[in-house]
Amino acid sequence: MKNIDSKTHTRGKSIYLDDIPLLQGTLFGAAFGSPIAHGIIRSLNISVAEQMPGVIKVFTAKDVTGENQIGGIIPDEPLLAEHEVDFCGMPVAFVVAQSDDAARAAVKTITIDIEPLPVITDPREAKARGELIVPPRTFSLGNVDTAWQACEYIFEGIAETNGQEHLYIETQGAYVIPQENGALKVYSSTQGPTAVQRASCRVTGLPMHLVEVEVTRLGGGFGGKEDQANTWAALCALAAHRLRKPVKYSLHRMEDMAMTGKRHPYSSDYKIGFDKDLKMVAYEATFYQNAGAAADLSPAIMERTLLHCTNSYFIPNVKATAYSCRTHLPPNTAFRGFGGPQSMFVIESAIAKAADTLGIDSAVIQKKNLIKTGDEFPFGQKAVSEAAECWKKAEQLYEVNSIREGIKDFNSKNQIYKKGLALMPVCFGISFTNTAMNQARSLVHVYFDGSVSVSTGAVEMGQGVNTKILQVAAIVFSIHPDRVKVQTTSTSRIANTSPSAASATADLNGKATYLACTRILERLKKVAAEELGVDENLIELKDEYVFVNNVQSDLDWKKLVNTAHLKRVGISEHANYATPEIYFDKAKEKGHAFSYHVYGTAVTVVTVDCLRGIYEIDAVKVVHDFGTSMNPAIDIGQIEGGIVQGIGWMTMEEIIYDKEGKLRSNALSTYKVPDIYSAPKEISIDFLQSDKDNLAIFRSKAVGEPPFMYGIGTYFALRNAIKAFNPLAHIPFNAPMTPEKTLLALYSNPQPLSKEIKRKDEEAVTSVAIN
Ligand code: LUZ
Ligand code: MOS
């Protein structure tokens, strides 16, 4: 089945926040952000702004009617700065005017006097100064301290990953319309309607039943709108509450880039030990997470870092510690993978370091240590593994040995262009790490004309969740998909929702929808049995008809639901789903954190231009553990997108804050994301067929985040290509591997160049022997 949004998407008719028709009298907001990263506010001058044409009011911290606080996990983030600023771009004032232009013009006239305080941008420095968001956490298995003695080889080092800008095509924004009796209707581009509702209530002082949040869809989220849509909605809610006028704020790209947090940069230490057969014996890792100026979701992200510290491998002795370090950057936040990719990069670096030193291919180590069913993760859960299956299938299907031979041959014949190969196994846990969040609700109405309406807490952000939910209802009732409409996400129809996140949205909301539909179906079957005078157990609904004992009757879906209604049988249902089996004991740091894991292996080949340091990605070929995909078109789309986004993080996307904490890569001219020209020339995706039971909806495993990590393979493939050019190259484990860094690495420890080198054209240079 096609994505149900494809028709409106391709015609430009899909409704996003900016497509909502504006009510007459709508006012426009714009935030004034702190110009410096850290300091005490001496004075704030808004008097010029207040006099600007069209300006209605300039809100500051003292205008907050409720609590000036939006911190979700820890109350450490004021909506508007009051005494102190903690990051560049931190909202200090909110101008509301009759037009968007007037609001932004007024923002430019605001001045602020700040007594500067020292700025920390480095997580290790923050840790050294005791600036931690929460106390550190350690996960351990076995005993590393005694295990080192049993190791034949031990390798240590540092691995670092930079942040990542979400770059959802639709920027952050909200539109709030006052209703009668003090209520508010909030339209927000958010993954978390309930989070927006909570924040709006908190700052206005309204109870939750007076604030309805409604979402049609987002132009992308990627985690950036799990928590950080709250600020803009809360500002508009506050203004609408005070002024009793509709208020809209839709951020410009540069405002969005400067004011919102990103993927957390990490700096990490690793130590890995092997026995003489290269089996992993012990692993110790310390993660320094750059949380930014407030907690946001950092503690949960730090937890997922620990939960994924061994990626797809079994290691009997593990000690992993994570620090969430407070710096003066915008609070970093959820981003596809949620701390998992960061720790997976670290163990892959440890393996690469070992392989380099031993003069072997990383794949030798990776393959030997893949986690098997029954092996224990450091947090106590036993694996139900597809790791080796994915790896072996990838090796065979994509003929990895002949790829390897081909690369060897190519590299021996080419001096300037070198190819590199890397395999990247992925193991990603599905469930919110916070057990309580693993619940969802669905409200299903069957109308007496036979059409069906489904509301859930799921937010459509391009990932296709609405299509999957529609499929659930159509499959359970066995009716044509055109009969089903998935409604907008509204906190009045579905309350207390978890955000659409953690790859779990289709599972949680799909299962709730399954339950609701199944209950209605049971009642319909009873009605059909009465109508046809047969035993209820003989009744089945198939292809829009009632079947008795596998024989089609005259009673069709439309007649059936109409009959049920006339008999006063309820044909609506609200169902609740809570993931079974999962728990986590934070005192012991052990539990069954995930309902299941998703596995896969990616084979990546790259070509580096060793004169210029630029590169191309020849191919990414994966074998992915889909379980039994309920929508291969959508799932393959998610994998393709994940791969390219992961490659962006690992190669060209470079976030640069200067020492003063100011974002220098603050526009699309200085921050590069993959476009069609830098995407892999070939992406192949193959299904690992598995009919094992699992807790996914229709056994169709979650697909949102796991493929992101395939992109890590590109980093290591580039590394291998550089080594083919310069075997002694010094290549720190420091992602992204930009062309600049590639060039530096290629000529680190430079080999003496032959005298005949000519740089006039590539032919001449190609003939030069470089050792
Ligand atoms: N969000 C969240 C997530 O709140 N908890 C999680 O465990 C999670 N995992 C991945 C992505 N978003
Ligand atoms: Mo997410 S990182 O699943 O919002």
Side-chain angles (χ1 to χ4, degrees), residues 71-74 137 163-168 172 188-196 198 215 218 220-230 260-264 289 295-308 322 324 331-344 379 381 426-440 457-465 489 496-509 579 582-584 586 591-598 638 641-642 645-646 649 701-709:
I73 296 181
I74 297 172
R137 288 173 69 178
Q164 186 174 23
E165 166 63 45
H166 299 88
L167 220 85
Y168 21 68
Q172 304 267 7
S188 163
S189 179
T190 179
Q191 291 171 242
T194 295
V196 160
R198 179 187 176 208
V215 182
L218 320 185
F222 309 112
K225 296 169 183 171
E226 180 176 340
D227 214 44
Q228 299 208 354
N230 298 0
T260 65
K262 313 182 189 312
R263 182 187 294 285
H264 293 75
Q289 176 200 59
D296 192 90
L297 293 164
S298 298
I301 291 161
M302 172 178 111
E303 184 172 52
R304 194 174 273 276
T305 295
L306 293 171
L307 290 162
H308 289 84
S324 181
N332 285 315
T333 193
F335 197 139
R336 208 172 191 172
F338 206 71
Q342 288 93 326
S343 57
M344 284 154 72
F379 53 94
Q381 185 166 341
V426 166
C427 164
F428 195 80
I430 305 302
S431 287
F432 285 95
T433 62
N434 177 354
T435 305
M437 291 170 80
N438 294 287
Q439 53 173 312
V459 170
E460 175 62 53
M461 48 187 147
Q463 86 280 44
V465 70
T489 315
N496 310 323
T497 61
S498 292
S500 286
S503 306
T505 314
D507 278 2
L508 295 171
N509 295 277
T579 312
I582 51 171
Y583 72 93
F584 201 78
K586 281 200 181 179
H592 192 96
F594 300 117
S595 56
Y596 58 88
H597 282 83
V598 174
Q638 282 290 72
Q645 195 168 40
W649 176 51
K701 283 189 171 183
V703 75
E705 289 164 294
F708 179 86
M709 273 77 60

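Just follow the structure's listing: the first ligand is 1, and inside any ligand the first atom is 1.
- With a heavy-atom cut-off of 4.0 Å, Arg336 does not touch ligand 1 at all.
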**Residue pair Trp649, Phe708: steps toward the side chain to side chain contact (heavy atoms under 4.5 Å, CB included) verdict** = CA-CA 9 Å; Trp649 176 51; Phe708 179 86; 3.5 Å; yes
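- Shortest non-hydrogen contact noted between Ala501 and Glu226 is CB-OE1, 3.4 Å.
- Counting atoms of ligand 2 from 1 in the listed order, those under 4.0 Å from a heavy atom of Glu705 are 2 (S), 3 (O).
- Looking at Phe335, Phe338, Phe594, Phe428, it is Phe338 that brings a heavy atom closest to atom 8 (C) of ligand 1.
- When each atom of ligand 2 is checked for a heavy atom of Phe335 under 4.0 Å away, the hits are 2 (S).
- Atoms of ligand 2 lying under 4.0 Å from any heavy atom of Arg336, numbered from 1 in the order shown and given with element: 2 (S).
- Residue Thr260 holds its OG1 atom at 12.0 Å from CG of Asp227, rounded to the nearest 0.5 Å.
- Each of Thr333, Leu218, Asn230, Val459 was checked for a side chain to side chain contact (heavy atoms under 4.5 Å, CB included) with Lys225, and the lone residue meeting it is Leu218.
- In Glu705, the part holding a heavy atom less than 4.0 Å from any atom of ligand 1 is the side chain.
- No part of Ala300 comes within 4.0 Å of ligand 1, judged by heavy-atom distances.
- In this structure, Phe335 CZ and Gln645 CD are separated by 4.0 Å, a value rounded to the nearest 0.5 Å.
- Between Asn434 and ligand 1, no N or O atom pair is found at a separation short of 3.5 Å.
- For ligand 2, the polar-atom distance check against Ser500 finds no nitrogen or oxygen pair separated by under 3.5 Å.
- Among protein heavy atoms, the minimum distance from atom 3 (O) of ligand 2 is reached at Ala502 N, 2.7 Å.
- Below 4.0 Å from some heavy atom of Glu226 lie the following atoms of ligand 2, by number and element: 1 (Mo), 4 (O).
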**Request:** Test side chain to side chain donor-acceptor pair (under 3.5 Å) on Thr305 and Ser343 and set out the steps.
**Result:** CA-CA 5 Å; Thr305 295; Ser343 57; 5.0 Å; no
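- Contact check on Glu705 versus Arg336 returns no salt bridge, with no Lys/Arg side-chain nitrogen under 4.0 Å from an Asp/Glu carboxylate oxygen.
- A side-chain donor from one of Glu303 and Thr433 sits under 3.5 Å from a side-chain acceptor of the other.
- Atoms of ligand 1 found under 4.0 Å from any heavy atom of Thr433 (numbered from 1 in listed order, with element): 6 (C), 7 (O).
- Under the 6.0 Å cut-off for aromatic ring centres, Phe594 and His308 qualify, their centroids lying closer than that.
- Remark: minimum distance from atom 1 (N) of ligand 1 to any protein heavy atom is reached at Glu226 OE2, 2.9 Å.
- Residue contact check: Gly223 has heavy atoms under 4.0 Å from atoms 1 (Mo), 2 (S), 4 (O) of ligand 2.
- When only non-hydrogen protein atoms are considered, atom 9 (N) of ligand 1 lies nearest to Arg304 NE, 2.9 Å.
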**Request:** Test side chain to side chain contact (heavy atoms under 4.5 Å, CB included) on Val426 and Met344 and set out the steps.
**Result:** CA-CA 8 Å; Val426 166; Met344 284 154 72; 4.0 Å; yes
